[in-house]
Each structure stands twice: as C-alpha cells, then as structure tokens.
Amino acid sequence: MTTTLPLSLSVPEPGCRPGDEPDFSDFVIPKAGEVERPPIDADPNDIRDMAFSIIRVLNAKGEAVGPWSGTLSSEELVVGLQHMMTLRIFDARMMNAQRQGKTSFYIQHLGEEAIACAFRKALRDDDMNFPTYRQAGLLIAGGYPLTEMMNQIYSNSQDPLHGRQLPIMYSSKEHGFFSISGNLGTQFMQAVGWAMASAISGDTRIAAGWIGDGSTAESDFHAALVFASTYKAPVALNIVNNQWAISTFQGIARGGVGTFAARGHGFGIPSVRVDGNDYLAVHAVAQWASERARAGLGPTLIEHVTYRAGGHSSSDDPSAYRAKEEGAAWPLGDPIDRLKKHLIAIGEWTEEKHTAAQEEITEAVITAQKEAESIGTLGAGKMPSPRDMFEGVYETMPPHLVRQRQEAGY
Amino acid sequence: MTQMTMIEAIRDAHDVAMGRDERVVVFGEDVGYFGGVFRCTAGLQTKYGKTRCFDTPISELGIVGAGVGMAAYGLHPVIEIQFADYVYPAIDQIASEAARLRYRSAGDFTCPLVIRMPTGGGIFGGQTHSQSPEAFFTHVAGLKTVMPSNPQDAKGLLLAAIEDPDPVIFLEPKRLYNGPFDGHHEKPIVPWKKHELGDVKDGYYSTELGKAAIRRAGDDVTILAYGTMVYVAEAAVEEAGVDAEIIDLRTLLPLDLDTIQESVKKTGRCLVLHEATKTSGFGAELMSQVQESCFYHLEAPIVRVTGWDTPYPHAQEWDYFPGPGRVLDALHQMMES
Ligand SMILES: Cc1ncc(C[n+]2csc(CCOP(=O)(O)OP(=O)(O)O)c2C)c(N)n1
Ligand SMILES: [Mg+2]
C-alpha cells in the first residue's frame with residue numbers, strides 16, 4: 001500500500017552552530033598509511049573505495065608511513081615547510097594591511113596552506129593551474145615574488161594587473177597560474193579545455209583545476225567532469241573541501257552523496273580523498289594524478305579534506321554561524337605543526353631552527369611589504385593611471401573607447 | 001513609522017510578506033541561518049522555520065530554476081542572488097523560462113517569482129561585486145525590472161513585487177544599503193537615520209510598480225535616474241545651481257512614460273544617468289523613448305552620463321563611477337545649448 005502522508009522538505013543542518021559543542025565523532029579518519037597506492041592505470045571501478053577513505057602519510061607521532069610516503073626528500077620537506085610558513089605570515093600581514101585600510105579586501109588560507117604548496121611541487125613549471133582565490137600557495141611555492149603579489153593586493157602602479165582586479169585575484173601565465181575570475185566554478189571547466197588543447201596539440205603539459213566544496217554545486221563542475229571523462233583530458237581536478245562555503249556547511253553542496261570525491265564515480269573518473277593538512281600526502285596524491293595525466297590516462301578527481309580555520313574573507317565574521325571552538329576541534333590538525341613535527345622526528349629540524357626560520361621569513365615578508373608600500377597602497381602613493389582603465393578591453397582600442405577616454409580627460 | 005536602513009526595510013518587507021502569505025518562501029546562498037551576506041534575510045529562518053527560509057547550494061541556475069518550479073506549483077518564492085554579478089549562470093532560467101512561462105503555456109502556468117540582487121558599484125568590489133546588469137533584464141519580454149533608491153520605496157516596491165503575478169527582477173543598489181550615497185566618496189557616509197526616506201511605515205503597504213517618483217521638482221532640465229544615481233544627481237544639481245527636475249524611475253520596466261513626458265515637455269531638456277556601461281545600456285532606451293515622444297519639445301540634444309564601456313575596475317573606481325563632477329559638466333553643457 002502506498003502512503004499518502006503529507007510530505008515535508010528536508011533541509012540539512014551542520015552538526016555544530018554557535019553555542020554547540022563541536023563534534024566530529026561521525027567523521028571517520030583512517031589511520032595514516034592505511035590506504036593502498038594503486039598503479040596509475042588502475043581501473044576506476046577497482047578503486048571506488050578510495051573516494052570514501054582518506055589518504056594520509058603523517059601519523060600522530062609525526063612519522064611518515066605507508067605506500068604514499070617517500071615522494072619528497074628531507075631537503076624538499078624543509079622547503080615545503082618554509083613555503084607554508086611564508087604563506088601564513090604573508091596572510092597575517094596582508095589581513096592586517098586590509099584592516100589598516102591599505103587595501104579593500106583580502107582572503108587568507110589559514111589551515112589550508114599544505115594543499116596548494118604541496119600540489120605545486122608535483123607539477124612542472126609549464127603546467128597550468130586554474131586556481132580559486134584560496135590557492136596563493138601555488139605562487140609562493142612556485143617562486144613568484146612576494147612584492148609582486150603585494151603590488152597586486154595594493155593596486156599600486158606596479159600592480160601587474162594595473163589595478164583592474166580585486167586584491168588577490170592574481171594572474172601569471174609564466175608561473176602556471178591562470179587569471180582568477182571571482183565567479184565561482186567557471187575555471188574548473190576551463191582547466192579541462194586547456195588540458196584538451198594540450199592533448200590536441202600533442203603537448204606534454206597538463207592542467208590542474210581547483211574548486212571549493214560549495215562551488216561544486218555550480219553546473220560548471222558537472223560540465224568539467226563530463227568533458228574530462230569523455231575526452232580523457234590530462235587534468236587533475238581538485239576539490240578543496242574546507243567544510244564551509246561562507247556560512248554554509250559542506251552538507252548543503254554535498255547532499256546525499258557520501259563524499260565530494262564520490263561525485264567522480266558517475267563519470268568513471270578515478271576519485272580519491274586526501275588529508276589536506278598532510279603536506280606529504282597531498283604531494284604524493286598530486287604526483288599520482290599528474291603521472292596519470294601525463295601518461296594519457298586521463299583525469300583524476302581529488303578531494304582535499306581540510307578546514308577553513310579563518311573567516312571566509314576580510315569581510316566575514318564566522319562567529320555568527322559556526323562555533324568558535326570548531327577549528328580547535330578539527331581532527332586533522334594544523335598542516336604547519338604536523339610537518340614541523342615530522343621534520344623534528346626525523347632529525348631534520350629543531351625548535352631553534354623553526355624560530356629562526358619564523359624570524360627570517362617574517363623579515364623577508366616585511367621587506368617585501370615595505371617595498372610594495374613605498375610604491376603605493378590603494379588610493380595612496382603611485383597608482384595606476386585612470387588612462388589605463390580604458391586599455392586592454394580589446395587588443396586595439398575601438399573608436400568609441402578612444403572617445404570615452406578623451407571625454408574622461410585622459 | 002520606524003527609522004530603517006535599506007537592509008532593514010528589505011528584511012521587514014520579507015517579514016510582512018511571509019507573515020501575510022504562507023506561499024512566500026525565501027532562499028539563496030547564505031540566506032537561511034546567517035541571513036544573507038548583507039543580512040537582508042536575518043531572523044526569517046528563526047521566525048518562519050527552515051522550510052520557508054533556507055540556504056541553497058551555490059548554483060544560481062539551481063536557485064532560479066527551483067524558484068520557477070515552485071512558482072509554477074503555486075508558491076511565491078523570493079530568492080536572492082548573492083551579487084548581481086553572479087546572476088549569469090541563471091540567465092537561461094530567467095530569460096527562456098521564468099519570463100516566458102505565462103506566454104508559452106497561454107496562462108496554464110505562471111511564474112510569480114521575485115529575484116533580488118545587490119547591484120552596482122561604489123564599494124571597491126572590483127569587477128565581480130559592482131556590476132549593473134539591468135539592461136540584460138529590461139531586454140527580455142516577460143520580466144519586470146525594479147530598482148529602489150531608499151528604504152521607504154524598497155519595502156513598498158518589494159511587497160508589490162512579491163504580490164505581482166509575474167517574475168520581477170529586484171535590483172538593490174548595495175551602496176545605498178546604509179545611507180544615501182551621492183558620489184562624494186571622500187566624505188563620511190550619511191546614515192538613513194538622517195534622511196526622511198529612511199522613515200518606513202510599519203506593517204503592510206505597497207508601492208505600485210511602474211510609477212516613477214519626482215525627487216526634486218524643477219523647470220530647466222529633466223534628469224532621469226535610478227538607484228544610487230538619484231543622489232549623485234541631487235548633489236550635482238545643488239552644486240550647479242540649476243533648476244532641475246529629478247525623476248527617480250523606481251521601475252525600469254514597465255516604464256512610467258507619462259511622468260517622464262510631462263516633465264520633459266515642461267523643461268525641454270533631458271539628462272539620462274546610470275552606472276551601467278553606456279553602449280546598449282538602459283539609457284539608450286530612455287533616450288529613444290524621450291526622442292519618440294518629446295522631440296518637438298526638446299531644446300537641446302538628450303545627454304547621457306554613464307559608466308564607461310570597460311569592465312568595472314578596482315583601483316580606478318572613482319574615475320569609473322559617474323560621480324557628481326561628470327553630471328555637473330553635463331548640466332552646464334546642456335544649459336548652454
Ligand atoms: C557564481 C558565484 N556565485 C556566488 C559567489 C559568492 N561567493 C564567493 S565565495 C563563496 C563561497 C564559496 O565556497 P567554497 O566553494 O566552499 O570555497 P571556499 O571559499 O570555502 O574556499 C560564494 C558563495 C561567487 N563568487 N560566484
Ligand atoms: Mg569551502
């Protein structure tokens with residue numbers, strides 16, 4: 001017999017709102033080293049369970065264990081630690097600069113530093129990333145000058161983007177960093193297009209697409225998966241699941257599927273989850289995915305499991321919608337602390353070295369900041385010319401824009 | 001009467017509508033628990049429950065498409081697109097679906113849907129938090145397009161839009177949320193508390209769609225403006241010492257041509273003002289309508305002051321934004337001819 005009871009709408013709720021006790025007990029975390037490392041040409045059907053587990057290398061004692069360990073030398077790990085520390089210090093200073101009115105807007109990466117920093121190290125210099133606003137680690141780990149980043153943030157006369165873009169919406173083809181749009185999701189699909197172009201051209205370069213947990217709800221995400229799957233595009237498709245999309249918890253975008261990675265199953269794409277706060281694990285997975293892409297085996301979907309420890313942006317106060325204690329209760333810890341612990345455990349690092357590095361990096365960031373500020377900050381010092389506002393809309397300025405520029409007095 | 005900001009007036013309109021009519025449902029990105037990034041829906045989930053005010057996945061297409069489906073069912077969805085700059089993924093649902101449902105089904109299905117979005121510049125939001133896309137919507141047959149310029153109108157127009165039997169695009173000039181901004185960005189903001197249009201009637205009232213408001217009566221020149229540009233016009237007129245009549249269009253479509261004609265026939269001059277880019281902007285439509293209906297009364301060519309035909313810049317915001325200086329120049333130039 002069919003029931004005819006009145007229906008009701010189901011609206012998911014996060015486990016924890018302000019005033020509640022954070023509770024991650026239903027968040028299952030496999031032990032480090034537990035997940036197998038399949039060959040890069042594994043049949044996606046044979047590795048479906050990887051979309052429900054989490055690849056982890058660093059254990060609680062700071063040891064690197066299991067089949068995904070060993071992709072980086074200890075020297076490389078020290079460099080990785082320094083990159084993450086640089087990003088964190090850079091963020092803190094730029095958040096502060098925003099508060100002081102030196103720029104209009106800022107987005108930080110607090111707690112998510114490992115993802116972009118480690119991923120970049122598994123790519124070649126001429127590969128192309130299609131990042132969101134939360135992957136500046138790609139630039140820092142790629143050696144992009146800090147002063148240039150700050151010039152962009154300050155919209156000063158040395159801003160490579162001529163003051164046209166919102167702060168942190170960087171662009172650098174030379175550094176494999178595609179221009180950030182600001183419209184969510186659009187670039188995930190473009191990464192697939194770029195990768196298809198590489199394949200059409202018989203090139204050896206690969207692409208990496210980036211998207212947030214919340215933004216996977218955009219149609220662009222689904223379009224990207226179907227194109228990547230159909231054409232076996234040489235692309236790594238990264239979902240950064242930091243649990244929140246502004247005030248909206250990840251369950252709203254995820255819906256009934258167990259994990260974001262599992263979305264890939266319907267497209268026959270090998271889909272894995274990785275501990276996003278584990279520098280070693282992220283690097284190993286990035287290497288696996290890029291080997292697959294470069295070998296012509298097609299796309300990989302990677303869900304980086306992490307936590308947005310700070311506010312969404314300089315305009316956001318998360319205490320209005322999530323418990324303050326939630327960040328501290330996040331079970332995957334802090335990426336910098338964990339790598340530091342590992343390096344100390346293997347005798348490659350000490351507290352003294354860490355303190356010295358902290359001071360040295362802070363010094364370098366301050367030097368870069370002084371240099372950028374000596375050029376100008378938003379609305380003060382040397383600014384891009386208003387004349388420049390009319391340039392670059394087209395390759396050749398059409399007559400109507402020439403007239404408008406003259407009317408504006410430039 | 002209660003003194004309200006535009007945000008509070010919009011929130012109050014939602015509250016009144018939801019209290020009066022169970023069919024009114026409210027949703028969008030961050031709209032439920034948090035109450036919207038501009039807080040226009042704060043408190044509604046607590047008051048009316050999470051099946052009448054809720055957060056959605058980040059899919060503008062999904063939000064509008066769900067709205068169309070619910071409206072077809074018989075609800076009255078009031079949905080928020082977080083910024084007008086993010087409406088483009090939903091254009092198909094708006095232009096091909098919401099707008100045409102009544103026509104193509106010969107009234108079998110209709111779409112009483114309100115799509116709200118913070119619009120316009122002036123907040124250093126760069127190209128993705130500053131656009132004025134009104135002309136995209138006024139170009140589509142089947143949509144109504146509204147843009148209030150103050151708390152009083154925002155509440156009355158939103159209530160009228162919610163009661164309207166057809167889809168309404170409701171554009172909220174975000175630079176006006178907290179006070180009437182006249183383009184003098186170097187001055188501190190004046191809060192709505194200090195403005196008579198910040199006095200908002202309590203409870204239910206509605207402001208008819210399709211009716212402009214004369215913000216300043218005058219004999220020498222008619223200024224057609226809407227949203228933030230109403231205050232830019234006021235500032236420029238004061239500085240110019242010109243006896244201008246300032247018309248706040250309030251509804252762009254259907255357009256209150258009667259009020260416009262009456263004014264232009266009296267003044268013989270017309271200045272059209274908007275933030276959006278110039279080419280194919282709504283100003284082009286206004287100029288055509290004035291030219292068609294008032295040609296023999298015009299003493300000078302109609303003039304447009306608009307945003308430049310470039311994407312909205314960041315650092316150069318105040319060179320881009322059509323502020324009082326440019327309006328002043330245009331007024332002087334018109335009065336000489
Ligand atoms: C098309 C579009 N819709 C809405 C927004 C507004 N917005 C900016 S960031 C954001 C949340 C994104 O969350 P998520 O994808 O999880 O990324 P995170 O910020 O957590 O890194 C929203 C809704 C936007 N930028 N673009
Ligand atoms: Mg997120």
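Each chain gets a letter, A, B and so on, in the order the sequences are listed, and its residues count up from 1. Predicted model only: the values in this text are computed from it and were never measured.
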Trainee: If you take all heavy atoms of B:Pro313 and A:Met389, which pair is closest and at what distance?
Mentor: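 Taking B:Pro313 first and A:Met389 second, the nearest heavy atoms are CG-SD, 3.7 Å.
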
Trainee: Taking CD in A:Glu21 as the centre, count heavy atoms belonging to other residues, nucleotides or ligands within less than 6.0 Å. Is the count above 12?
Mentor: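 Result for CD/A:Glu21: open.
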
Trainee: May I ask you to name which of B:Tyr312, B:Phe34, B:Trp308 has the most heavy-atom pairs under 4.5 Å with chain A?
Mentor: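 Top count of heavy-atom pairs under 4.5 Å with chain A: B:Trp308.
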
Trainee: What part of A:Ser385 is in contact with chain B, defined as an atom under 4.5 angstrom from a non-hydrogen atom: side chain, backbone, both or neither?
Mentor: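 Contact with chain B is through the backbone of A:Ser385 alone.
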
Trainee: Which pair of heavy atoms, one from A:Ser155 and one from B:Ala315, lies closest together, and at what distance?
Mentor: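 The pair with the smallest heavy-atom distance is CB-CB, 3.6 Å.
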
Trainee: Could you go step by step and tell me if A:Phe249 and B:Asp55 meet the side-chain contact (heavy atoms from CB on, under 4.5 Å) rule?
Mentor: CA-CA 10 Å; A:Phe249 88 113; B:Asp55 292 324; over 6 Å; no

Trainee: Go through the atoms of A:Val393 and report whether side chain, backbone, both or neither lie under 4.5 Å from a heavy atom of chain B.
Mentor: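 For A:Val393, the contact with chain B is made by the side chain alone.
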
Trainee: Sort out for me which of A:Met383, A:His400, A:Arg17 touches chain B most, counting heavy-atom pairs under 4.5 Å.
Mentor: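 Going by pairs under 4.5 Å, I would pick A:Arg17.
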
Trainee: Using non-hydrogen atoms only, which part of B:Glu186 is less than 4.5 Å away from chain A: side chain, backbone, both, or neither?
Mentor: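 Neither the backbone nor the side chain of B:Glu186 comes within 4.5 Å of chain A.
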
Trainee: Indicate yes or no: at least one non-hydrogen side-chain atom of A:Met169 is less than 4.5 angstrom from one of B:His314.
Mentor: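 A:Met169 vs B:His314: side chains apart.
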
Trainee: Flag the one option from B:Pro311, B:Gly126, B:Gly62, B:Ser59 with the top tally of heavy-atom pairs under 4.5 Å to chain A.
Mentor: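 The option with the most such pairs is B:Ser59.
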
Trainee: Could you check which of A:Ile246, A:Leu184, A:Asp316 has the highest count of heavy-atom pairs closer than 4.5 Å to chain B?
Mentor: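 Result: the option with the highest number of such pairs is A:Ile246.
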
Trainee: Output yes when a side-chain donor or acceptor of A:Asn183 lies under 3.5 Å from a complementary backbone atom of B:Asp85, and no otherwise.
Mentor: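 Present.
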
Trainee: Pick whichever of A:Gly185, A:Pro398, A:Pro167 has the most heavy-atom pairs under 4.5 Å with chain B.
Mentor: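 Ranked by heavy-atom pairs under 4.5 Å with chain B, first place is A:Pro167.
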
Trainee: Which atoms of B:Phe124 are under 4.5 Å from chain A, going by heavy atoms: the side chain, the backbone, both sets, or neither?
Mentor: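 Both parts, backbone and side chain.
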
Trainee: Spell out, as yes or no, whether a donor-acceptor pair under 3.5 Å connects the side chain of B:Gln316 to the backbone of A:His162.
Mentor: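 Looks like yes, one N/O pair under 3.5 Å.
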
Trainee: Between A:Gln404 (side chain only) and B:Asp309 (backbone N and O only), is there a donor and an acceptor less than 3.5 Å apart?
Mentor: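 Between the backbone of B:Asp309 and the side chain of A:Gln404 there is a qualifying donor-acceptor contact (under 3.5 Å).
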
Trainee: How about A:Phe227: does its CZ atom have over 12 heavy atoms from other parts shown lying under 6.0 Å from it?
Mentor: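 No.
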
Trainee: Please flag which part of B:Glu317 lies under 4.5 Å from any non-hydrogen atom of chain A: side chain, backbone, both or neither.
Mentor: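 It is neither, since no heavy atom gets under 4.5 Å.
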
Trainee: Who wins among A:Arg164, A:Glu218, A:Arg254, A:His312 for the most heavy-atom pairs under 4.5 Å with chain B?
Mentor: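 Of the options given, most contacts go to A:Glu218.
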
Trainee: Would you kindly say whether A:Tyr321 and B:Asp30 are connected by a side-chain donor-acceptor distance under 3.5 Å?
Mentor: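 There is no such pair (donor and acceptor under 3.5 Å, judged by atom type) between the side chains of A:Tyr321 and B:Asp30.
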
Trainee: If I measure from the heavy atoms of chain A, does B:Ser130 come under 4.5 Å with its side chain, its backbone, both, or neither?
Mentor: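 Contact with chain A involves no heavy atom of B:Ser130 at all.
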
Trainee: For a 4.5 angstrom cut-off between non-hydrogen side-chain atoms, does A:Leu166 reach B:Gln127?
Mentor: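 A side-chain contact is absent here, since even the closest heavy-atom pair is not under 4.5 Å.
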
Trainee: Using heavy-atom distances under 4.5 Å, tell me whether A:Tyr410 contacts chain B through its side chain, its backbone, both, or neither.
Mentor: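 For A:Tyr410, the side chain is the part near chain B, not the backbone.
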
Trainee: For a quick test of reading the model, state the closest non-hydrogen atom pair linking A:Ala245 to B:Ile58 and the distance between them.
Mentor: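 That closest heavy-atom pairing would be CB-CD1, 3.8 Å.
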
Trainee: Between B:Thr128 and A:Ser181, which heavy-atom pair has the shortest distance, and what is it?
Mentor: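 Where B:Thr128 meets A:Ser181 most closely, the heavy atoms are CG2-O, 3.4 Å.
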
Trainee: I'd like to know which of A:Gly409, A:Ser8, A:Pro18 tops the heavy-atom pair count under 4.5 Å against chain B.
Mentor: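 Maximum pair count with chain B is reached by A:Pro18.
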
Trainee: What's the separation between atom CZ in B:Phe38 and atom OG in A:Ser315, rounded to the nearest 0.5 Å?
Mentor: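 Reported value, rounded in 0.5 Å steps: 8.5 Å.
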
